[in-house]
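Below is one structure, written out as structure tokens, with a few remarks after it.
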Amino acid sequence: MKYAITDKCVGCYACQLVCPSQAVYADPDVNGRFHIHSRRCTGCEDHYDAPQCASICPIEEAIVNEMNMPVNPQGSLTGIISPGAAL
């Protein structure tokens, strides 16, 4: 499974530090913005049971799977769901 980083990323570097495939890289044009190289990302298969980028990411909706679904959806880390948010 491939993952991607959305514009909700705050640039904390956590995902880059834990990626066993070295697929996470800093955007050379936008300071504090990260991306996941689609050909390098293995979803941590053969290394971990869960994607390490999503496991360590402190920001909800910052990492999405190949179906563009947030791995840490709104409310999953904080328990707080904004009014009007899709459940």
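Reckoned from all heavy atoms, side chains included, excluding hydrogens, waters and symmetry mates. The structure presented is a predicted model; accordingly, all values stated were derived computationally and were not measured.
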Rounded to the nearest 0.5 Å, what's the gap from [atom1] on [X] to [atom2] on [Y]? Could you check?
X   : Y   : atom1 : atom2 : result
H37 : C19 : NE2   : SG    : 11.5 Å
C15 : I56 : SG    : CD1   : 8.5 Å
I59 : T6  : CD1   : OG1   : 9.5 Å
Q22 : I36 : CD    : CD1   : 14.0 Å
C44 : Y3  : SG    : OH    : 8.0 Å
E61 : D7  : CD    : CG    : 10.0 Å

Kindly write out the residues that satisfy ring pair (Phe, Tyr, Trp, His ring centres under 6.0 Å) with Y13, not counting sequence neighbours, or none if the list is empty.
->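 Partners of Y13 under the ring pair (Phe, Tyr, Trp, His ring centres under 6.0 Å) test: F34.
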What are the two closest non-hydrogen atoms of V71 and N65, and how far apart are they?
->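 V71 and N65 have their closest heavy atoms at CG2-N, 3.9 Å.
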Write down the atom of C57, the atom of N72, and the distance for their closest heavy-atom approach.
->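 Minimum heavy-atom contact is O-ND2, 3.8 Å.
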Could you check if a side-chain atom of L77 sits within less than 4.5 angstrom of a side-chain atom of P58, using non-hydrogen atoms only?
->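 Heavy-atom side-chain distance check fails, nothing below 4.5 Å.
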Where do C9 and R33 land on the side chain to side chain contact (heavy atoms under 4.5 Å, CB included) test, with the steps shown first?
-> CA-CA 7 Å; C9 172; R33 180 83 166 103; 4.3 Å; yes
Show the numbers, then the answer: is there a side chain to side chain contact (heavy atoms under 4.5 Å, CB included) between I5 and H35?
-> CA-CA 5 Å; I5 298 174; H35 301 283; 5.7 Å; no
Where do E60 and T78 land on the side chain to side chain contact (heavy atoms under 4.5 Å, CB included) test, with the steps shown first?
-> CA-CA 8 Å; E60 294 171 344; T78 62; 3.2 Å; yes
Could you walk me through whether K2 and E66 pass the salt bridge (Lys or Arg N to Asp or Glu O under 4.0 Å) check?
-> CA-CA 5 Å; K2 308 290 188 214; E66 61 193 6; over 6 Å; no
